Colleague: 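Could you have a look at this structure, given as structure tokens, before my questions?
All figures in this text were calculated on a predicted structure; none of them were measured in a lab.
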Amino acid sequence: MIVVFDAQCLLCNGWVQFLLKHDKQGIFQFAAIQGKVGGQLLADAGLKVEGLQTLLLVDGKQSWQHTDAILRVLQALGWPWRLVGVARLIPAPLRDALYRVIARNRYQWFGKSEQCLMPDPAVAARFLD
């Protein structure tokens, strides 16, 4: 599974760091939207980098956005993270509305880096760009 994320967003970088710490099986790979692979995955999903306000999870030919992507990622991490799946009881339009508010304000609330995340050499192979 590939997590396509905004490498300039400090919240997004925190999410990637969280996944690297808790993905004990190493099932996730990462692609920055600013990179060639990430840009192509976005295009394949019909998305554009400009104004992008979603995390993208890609697994083969399938992809998920917004809270569906987050919930699938947490489910794949296993126990205890899959407990967050109870959030599926909340209708997606409501979950995603909150997600979009956070995504729209992510730079203002959490900060923005002018340079992309430089992965630790131990996990660098999991980054596709």
Side-chain angles (χ1 to χ4, degrees):
M1 287 190 222
I2 303 169
V3 175
V4 183
F5 70 104
D6 180 352
Q8 292 181 320
C9 168
L10 296 182
L11 174 63
C12 303
N13 282 326
W15 172 244
V16 170
Q17 294 302 323
F18 170 85
L19 293 177
L20 288 168
K21 179 179 178 182
H22 296 287
D23 180 15
K24 304 297 185 199
Q25 297 175 6
I27 59 174
F28 294 107
Q29 292 182 297
F30 305 93
I33 65 170
Q34 293 84 359
K36 188 175 182 178
V37 173
Q40 185 59 55
L41 290 168
L42 289 176
D44 292 348
L47 301 171
K48 296 179 182 176
V49 172
E50 299 80 32
L52 185 70
Q53 295 182 0
T54 187
L55 170 81
L56 180 67
L57 176 64
V58 178
D59 188 7
K61 293 190 180 278
Q62 290 188 295
S63 65
W64 298 269
Q65 301 174 37
H66 307 301
T67 57
D68 281 341
I70 291 173
L71 293 173
R72 284 192 179 273
V73 166
L74 291 171
Q75 182 176 352
L77 288 178
W79 183 260
W81 308 109
R82 69 176 6 161
L83 289 175
V84 178
V86 73
R88 289 190 195 279
L89 296 174
I90 301 168
L94 293 177
R95 293 189 324 250
D96 290 344
L98 176 61
Y99 180 98
R100 283 190 295 277
V101 168
I102 295 168
R104 218 176 6 257
N105 294 290
R106 69 189 184 277
Y107 295 141
Q108 186 178 9
W109 294 348
F110 301 98
K112 180 178 180 179
S113 174
E114 292 306 316
Q115 55 188 13
C116 293
L117 168 75
M118 295 300 294
D120 182 275
V123 295
R126 295 178 65 186
F127 288 79
L128 301 176
D129 282 322

Colleague: Going by ring-ring contact (aromatic ring centres under 6.0 Å, His included), name the residues that satisfy it together with W109, two or more places apart in sequence or in a different chain.
Modeller: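 Checked W109 against ring-ring contact (aromatic ring centres under 6.0 Å, His included); zero matches.
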Colleague: Compare every heavy atom of H22 with every heavy atom of L77, then report the nearest pair and how far apart it is.
Modeller: CD2-O, 3.8 Å
Colleague: Hydrophobic clustering (ILVMFWY, side-chain heavy atoms < 4.5 Å, transitive) - are L55 and V16 grouped together?
Modeller: yes
Colleague: For a 4.5 angstrom cut-off between non-hydrogen side-chain atoms, does W81 reach V73?
Modeller: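 No, every pair of side-chain atoms sits at 4.5 Å or beyond.
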Colleague: Which residues satisfy the ring-ring contact (aromatic ring centres under 6.0 Å, His included) test with W15, sequence neighbours excluded?
Modeller: F18
Colleague: Strictly by salt bridge (Lys or Arg N to Asp or Glu O under 4.0 Å), give each pair with a member in residues 120-129 just once, sequence neighbours left out.
Modeller: D23-R126
Colleague: In the hydrophobic clustering (ILVMFWY, side-chain contacts below 4.5 Å, transitive), which residues join V86, or is it alone?
Modeller: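 Direct or chained contacts put V86 with L89.
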Colleague: CG/D96 to OG1/T54 distance, rounded to the nearest 0.5 angstrom?
Modeller: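 That separation rounds to 7.5 Å.
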Colleague: In the single-linkage hydrophobic clustering (I, L, V, M, F, W, Y; side-chain heavy atoms under 4.5 Å), do L71 and M1 co-cluster?
Modeller: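 Linked, L71 and M1 end up in one cluster.
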Colleague: Give me each pair satisfying ring pair (Phe, Tyr, Trp, His ring centres under 6.0 Å) with a member in residues 83-103, each pair once, sequence neighbours excluded.
Modeller: H66-Y99
Colleague: Does L52 belong to the same Ile/Leu/Val/Met/Phe/Trp/Tyr cluster as I2, with side-chain heavy atoms less than 4.5 Å apart forming each link?
Modeller: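 Cluster IDs for L52 and I2 match.
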Colleague: Filter on ring pair (Phe, Tyr, Trp, His ring centres under 6.0 Å), then keep only pairs touching residues 23-58, sequence neighbours left out; what's left?
Modeller: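 Every pair satisfying ring pair (Phe, Tyr, Trp, His ring centres under 6.0 Å) with a residue in residues 23-58: F30-F127.
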Colleague: If you group Ile, Leu, Val, Met, Phe, Trp and Tyr by side-chain heavy-atom gaps below 4.5 Å, do I70 and L19 land in one group?
Modeller: yes
Colleague: Output a table of donor-acceptor pairs, distance under 3.5 Å, between side-chain atoms of residues 36-48 and any protein atom two or more places apart or on a different chain; print 'none' if there are none.
Modeller:
residue, atom, partner, partner atom, Å
Q40, NE2, D44, OD1, 2.7

Colleague: Would you mind listing every salt bridge (Lys or Arg N to Asp or Glu O under 4.0 Å) that reaches into residues 97-108, with sequence neighbours excluded?
Modeller: D6-R106
Colleague: Go through it in stages, so that I can follow the logic: the residues are D59 and L57, the test is side chain to side chain contact (heavy atoms under 4.5 Å, CB included), and I'd like the CA-CA distance, side-chain angles, deciding distance and then a yes or no.
Modeller: CA-CA 7 Å; D59 188 7; L57 176 64; 5.6 Å; no
Colleague: Identify the heavy atoms of W64 and A69 that sit nearest to each other, and give their distance.
Modeller: O-CB, 3.5 Å
Colleague: Which residues end up grouped with W79 if you chain together Ile, Leu, Val, Met, Phe, Trp and Tyr wherever their side-chain heavy atoms are less than 4.5 Å apart?
Modeller: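 When side chains under 4.5 Å apart are linked, the cluster holding W79 also contains L83.
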Colleague: Should side-chain heavy atoms under 4.5 Å link Ile, Leu, Val, Met, Phe, Trp and Tyr, which residues sit in the same cluster as I90?
Modeller: L94
Colleague: List the residues meeting side-chain hydrogen bond (donor to acceptor under 3.5 Å, both in side chains) with S63, not counting sequence neighbours, and say none if there are none.
Modeller: none
Colleague: Under 3.5 Å, side chain of K24 to main-chain N/O of K21, donor-acceptor pair present?
Modeller: yes
Colleague: What residue pairs, at least two apart or across chains, pass salt bridge (Lys or Arg N to Asp or Glu O under 4.0 Å) with a residue in residues 71-85?
Modeller: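 Non-adjacent pairs meeting salt bridge (Lys or Arg N to Asp or Glu O under 4.0 Å): zero.
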Colleague: Would Q8 and I33 count as a side chain to side chain contact (heavy atoms under 4.5 Å, CB included) here? Give the steps.
Modeller: CA-CA 9 Å; Q8 292 181 320; I33 65 170; over 6 Å; no
Colleague: Decide yes or no for I102 and F110: does some side-chain heavy atom of the first lie under 4.5 Å from some side-chain heavy atom of the second?
Modeller: yes
Colleague: Does any N or O in the side chain of Q29 come within less than 3.5 Å of the main-chain N or O of L128, such that one atom is a donor and the other an acceptor?
Modeller: no
Colleague: So which heavy atom on Q34 is nearest to which on F5, and how close?
Modeller: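 Nearest heavy atoms, Q34 then F5: OE1-O, 4.1 Å.
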